[in-house]
Amino acid sequence: MQNKVVKLRADVARLSEDVGEFIQYWGFKRIHGRIWALLFLSKEPLDATRIVALLKVSKTLVSFAVKELLDYSVICEVGQGPRGTVLLGPNPDISGVIQSVLKMRERKILAQTLKSAQEIDTSLQQDSSYILDPKRKKQLLVMVKSASKALDLLAKAGPRGTDFFALLAKLSL
């Protein structure tokens, strides 16, 4: 791996920023998107030192972001550099990445939302004078349970889930 090029082309840097902004919109940190875009577009795997140099960010920021991206299986360790450094690359299974994020992150959010909705359900049974509409409260509970079930189905989809995401990709072309 050649380490002499330590500057990103302006268009690649801009795309990395744009992906970071898009990822941030979905609740992740901008640096997650920037690192992923860099690794995805790179001809070769990169180590953390190279990522720091190319993105012009701190080693600490990259270290934390890389750990989180590895935890979500968005990126993966693909080998070792000449000095024993860990080389990183994008996870080539995009649908698997989406499923992993849904399983790890959205499931937690839905579980908390379901718990809160059930608590309201219990408190309304004890105090019917509150301003909430019982029918809408029930609708909300049904929506959250339905979303949770849909997420479970998607998480269990396995190879069929991959087909689903491949179909979405074809539709977007």
Side-chain angles (χ1 to χ4, degrees), residues 1-113 147-173:
M1 174 168 45
Q2 296 178 348
N3 279 329
K4 59 184 176 180
V5 178
V6 291
K7 185 176 180 184
L8 280 180
R9 288 177 24 172
D11 55 349
V12 176
R14 182 68 220 153
L15 177 58
S16 171
E17 284 291 330
D18 291 344
V19 170
E21 188 174 323
F22 175 75
I23 293 299
Q24 187 176 26
Y25 174 79
W26 289 102
F28 289 92
K29 296 175 185 139
R30 181 179 299 248
I31 190 64
H32 291 135
R34 293 183 66 204
I35 291 171
W36 178 84
L38 180 63
L39 291 172
F40 188 79
L41 294 171
S42 179
K43 289 182 192 177
E44 58 192 24
L46 303 173
D47 64 19
T49 303
R50 188 95 187 268
I51 294 169
V52 166
L54 289 167
L55 295 180
K56 295 181 172 103
V57 294
S58 76
K59 185 176 180 179
T60 302
L61 182 61
V62 168
S63 178
F64 282 115
V66 163
K67 182 189 177 322
E68 290 171 330
L69 290 169
L70 287 167
D71 288 346
Y72 279 111
S73 300
V74 173
I75 63 172
C76 45
E77 295 180 4
V78 295
Q80 284 192 330
R83 295 186 198 122
T85 58
V86 174
L87 295 177
L88 303 164
N91 184 338
D93 180 12
I94 299 297
S95 62
V97 167
I98 293 169
Q99 286 177 319
S100 174
V101 169
L102 289 174
K103 285 182 208 177
M104 292 180 66
R105 195 179 73 152
E106 273 63 16
R107 179 166 283 147
K108 288 178 188 175
I109 294 168
L110 276 173
Q112 179 57 49
T113 305
S148 185
K149 285 180 183 178
L151 182 59
D152 288 341
L153 288 173
L154 183 58
K156 293 176 187 174
R160 284 188 256 164
T162 303
D163 295 341
F164 171 75
F165 289 114
L167 177 62
L168 282 179
K170 285 179 185 177
L171 290 174
S172 67
L173 295 177

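The model shown is predicted, which means the values in this text are computed figures rather than measured ones.
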Assess the residue pair Glu44 and Arg50 against the criterion (salt bridge (charged side-chain N to carboxylate O under 4.0 Å, His left out)); give the C-alpha distance rounded to whole Å, side-chain angles, the decisive distance to 0.1 Å, and a yes or no. CA-CA 11 Å; Glu44 58 192 24; Arg50 188 95 187 268; 3.4 Å; yes
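Atom CG of Asp11 sits about 11.5 Å away from atom OG of Ser16, to the nearest 0.5 Å. Separating the NZ atom in Lys29 from the CG atom in Leu69 is a distance of 9.5 Å, to the nearest 0.5 Å. Atoms CG and CG, on Leu88 and Leu38 in that order, are 10.5 Å from each other to the nearest 0.5 Å. To the nearest 0.5 Å, the span separating CD1 on Ile23 from CZ on Arg30 amounts to 11.5 Å. Rounded to the nearest 0.5 Å, atoms CZ (Arg9) and CG (Leu15) are 11.0 Å apart.
The list of ring-ring contact (aromatic ring centres under 6.0 Å, His included) pairs with a residue in residues 42-84, not counting sequence neighbours, reads Phe28-Tyr72.
Residue Leu87 is tested with Leu46, Asp47, Leu39 for a side-chain contact (heavy atoms from CB on, under 4.5 Å); the sole match is Asp47.
By the salt bridge (Lys or Arg N to Asp or Glu O under 4.0 Å) test, Lys43 pairs with no residue at all, sequence neighbours left out.
The shortest distance between side-chain heavy atoms of Gln24 and His32 does not fall below 4.5 Å. Contact check for Ile75 versus Trp36: side-chain heavy atoms found under the 4.5 Å cut-off. When side chains are defined from C-beta on, Ile31 counts as touching Leu55, because their heavy atoms get closer than 4.5 Å. Between Val19 and Arg34, the closest side-chain pair of non-hydrogen atoms is not below 4.5 Å. Residues Val74 and Asn91 form no side-chain contact, since every pair of their non-hydrogen atoms from C-beta on lies 4.5 Å or further apart.
When all heavy atoms of Glu77 and Val86 are compared, the closest pair comes out as CG-CG1, 3.4 Å.
No donor-acceptor pair closer than 3.5 Å links the side chain of Ser42 to the backbone N or O of Pro45.
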